[in-house]
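Lettering of chains follows the sequences in order, A, B, ..., and the numbering in each one begins at 1.
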Number of protein chains: 2
Amino acid sequence: MPASSNAISNKTISELRPNIVLRGSRQREHWAAVDERLVPTKPNPAIRKLERLVALSAADREWLERVEAEARPVSARTDLMSEGSDPDGAILILEGIACRHKHRANGRRQITAYLLPGDVSDLEAVFQDRMPQGVSTITPCRIARLSPRTLSESVHQSQALSQAARILSLIDEATYGEWLLNLGCRSGVERLAHLICELFHRLRAVGLTTGNSFSLPVTQLDLAHTLGLSGVHTNRSPQELRHQRVIRLAERRLTILDLPRLTAIAEFDPSYLNLAPGGG
Amino acid sequence: MPASSNAISNKTISELRPNIVLRGSRQREHWAAVDERLVPTKPNPAIRKLERLVALSAADREWLERVEAEARPVSARTDLMSEGSDPDGAILILEGIACRHKHRANGRRQITAYLLPGDVSDLEAVFQDRMPQGVSTITPCRIARLSPRTLSESVHQSQALSQAARILSLIDEATYGEWLLNLGCRSGVERLAHLICELFHRLRAVGLTTGNSFSLPVTQLDLAHTLGLSGVHTNRSPQELRHQRVIRLAERRLTILDLPRLTAIAEFDPSYLNLAPGGG
DNA sequence: CGAACTTTTGATATCACTCAAGGGACGTGG
DNA sequence: CCACGTCCCTTGAGTGATATCAAAAGTTCG
């Protein structure tokens, strides 16, 4: 089918300047409005998450609620911190999806972690003067900034909160290990399966799943930059899982049709996420 | 050249059972005896390392020396902690090289970090009950075990030491980020170049380099498991760097012939290692 | 309807893997 | 002392997975 060519690929633009706020945030505004919408209701997702790890005092809970009240909306594809800059506060995600990432000189980027509602990024790093990684939103988010002062005054004063911070950093470390294993040893399909499992368990822990399905408003290019694959190949991997009836992916919503199978493909063991108390 | 075949490849054995203590530690005993020998002399390498990060008190220094006195030798290819087990103490390396690693069900392994003299592994993780990663020696080592009790009594009581622990964990995190970028975005040669740069800077920081050369007593298979490449390919990558006169690798000793070139290939920026005060 | 972005598909190229074999270094045992 | 085994490094050849290039079709928004 020879055709008139007017569609010019400009993938390279987004590859070379992936985080400058210039891309269609308008288009993505609605993504967050699908289903659970990554918008947890009553319980602050951070409280929900931390309660699995430690016993929060009434004061801790109150503080977290105050923090939430001060959160502000941020549109999609916005830099919250850039690589190499001086940080101006840890980031608590209350709604939406963000990520940590690094860049190569040639513009290629690698996503090194996903930040979901209830996650905090760089609790300790804010005391340094140079962020080794950047943080950007993927979807529109609601976030709270925790200044170094706030952290020393509140988090470091509370037994439970500083204990939680230590555990969170261990979870981060364990997650990095899993991702390294993923990139170093697994095939494209296996990597994708593993990522889906991780996101599923983490989202479920903060009540953002419905049965075996959840909203997944990330582009294939985001996935590619996460899995260390090309964009095209990242298109073909899910297709294989779909044809095998393991997952369904439609309208930016992912449904796991065969969780045991998916878990087996990924060799996924959720224990590194420390979600035990409410894992089911 | 057709020849009588008696040499049978049994790589698979070492791939499938990589950490059970069965392999030629005899042969490797001498590796650690080359040149600087990964055997720092006067200043305890941990003291040396920590002094770059924080101001140690006399008591801190004394404690570190006492710890060193209790260190014991461990032969090559020995498990110090196994994946999934209950830890019985953080590990301080005083001589030799060890690594953290993870395994897949099919036996493939991924090295997730190198532990060099002066490094501590799992300072915080020992308070958990399940190690997400295993730790094994690569060469013969001298190590000290820090029990959870020791840690709460000494490290957590000292301002400087607990500050150092936080910084070390940040460095670990930054290093994981670099490795993810490595595996996700870089070619085989680039990955190797990056690893060499990292090891060079870290070893130099504890005085284990001579000019631009250092002892590198790891097998190509170790490197392969670090870089996410096959053993064969890991053989060809250094060759390329050698032919370009960037490095020299002989007798388990690596010499950097063209550091600027190597740094450029790797896009290496040592700032994530926090070695600034004595980087040169 | 057109612009921008994303997803999908096809065709080709290439990097890295696997299989296979030989060689060197070192230690072991007859 | 020499034959042999083991481990590691090296090389060659063929294959496969993934990247790259190119283009079209579907979405969403203006």
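- In this entry the distance linking NE2 of His233(A) with C1' of dA16(C) reads 14 Å, nearest Å.
- As judged by a 4.0 angstrom heavy-atom cut-off over every strand, Arg242(B) is placed among residues touching the sugar-phosphate backbone only.
- Side-chain contact of Gln239(B) with Asn235(B): a donor-acceptor pair under 3.5 Å is present, judged by distance alone.
- Among the nucleotides dA20(C), dT18(D), dA22(D), the one closest to any side-chain atom of Val232(A) is dA22(D).
- Taking only side-chain nitrogens and oxygens, Gln220(A) never comes nearer than 4.0 Å to OP1 or OP2 of dC5(C).
- Rounding to whole angstrom units, CG of residue Leu227(A) and C1' of dA19(D) are separated by 15 Å.
- The closest side-chain heavy-atom distance from Glu198(B) to Tyr114(B) is not below 4.5 Å.
- Between dT9(C) and Gln239(A), a contact under 4.0 Å exists linking OP1 or OP2 to a side-chain N or O.
- Among the heavy atoms of the strands, none lies under 4.0 Å from Gly231(B).
- For the pair Glu240(B) CD and dC9(D) P, the interatomic distance rounds to 19 Å; values are reported in whole Å.
- Rounded to an integer number of Å, the gap from CG of Asn106(B) to P of dC17(C) is 14 Å.
- dT6(C) atom P lies 14 Å from atom CG of Leu216(A), rounded to whole Å.
- Between the C1' atom of dT7(C) and the CG atom of Asp222(A) lies a distance of 14 Å, rounded to the nearest Å.
- Arg77(B) and Thr137(B) are not linked by any side-chain donor-acceptor pair at a separation below 3.5 angstrom, with hydrogens and angles left out of the test.
- If you check dA16(C), dT6(C), dT20(D) against the side chain of Ser230(A), the one that comes closest is dT20(D).
- Distances shorter than 4.0 Å separate none of the side-chain N or O atoms of Arg252(B) from OP1 or OP2 on dC7(D).
- In this structure, Asn235(A) reaches the dT8(C) phosphate: one of its side-chain N or O atoms is under 4.0 Å from OP1 or OP2.
- Spacing between atom CG of Leu223(B) and atom C1' of dT10(D) amounts to 15 Å, rounded to whole angstrom units.
- Residues Asp222(A) and Thr219(A) bring a donor and an acceptor atom of their side chains to less than 3.5 Å of each other.
- Checking dC17(C), dC19(C), dA11(C) against the side-chain heavy atoms of Arg236(A) singles out dA11(C) as nearest.
- Residue Leu229(B) contributes atom CG, which lies 15 Å from atom C1' of dT14(C) at whole-angstrom precision.
- Counting only N and O atoms by type, the side chains of Arg104(A) and Gln110(A) include no donor and acceptor under 3.5 Å apart.
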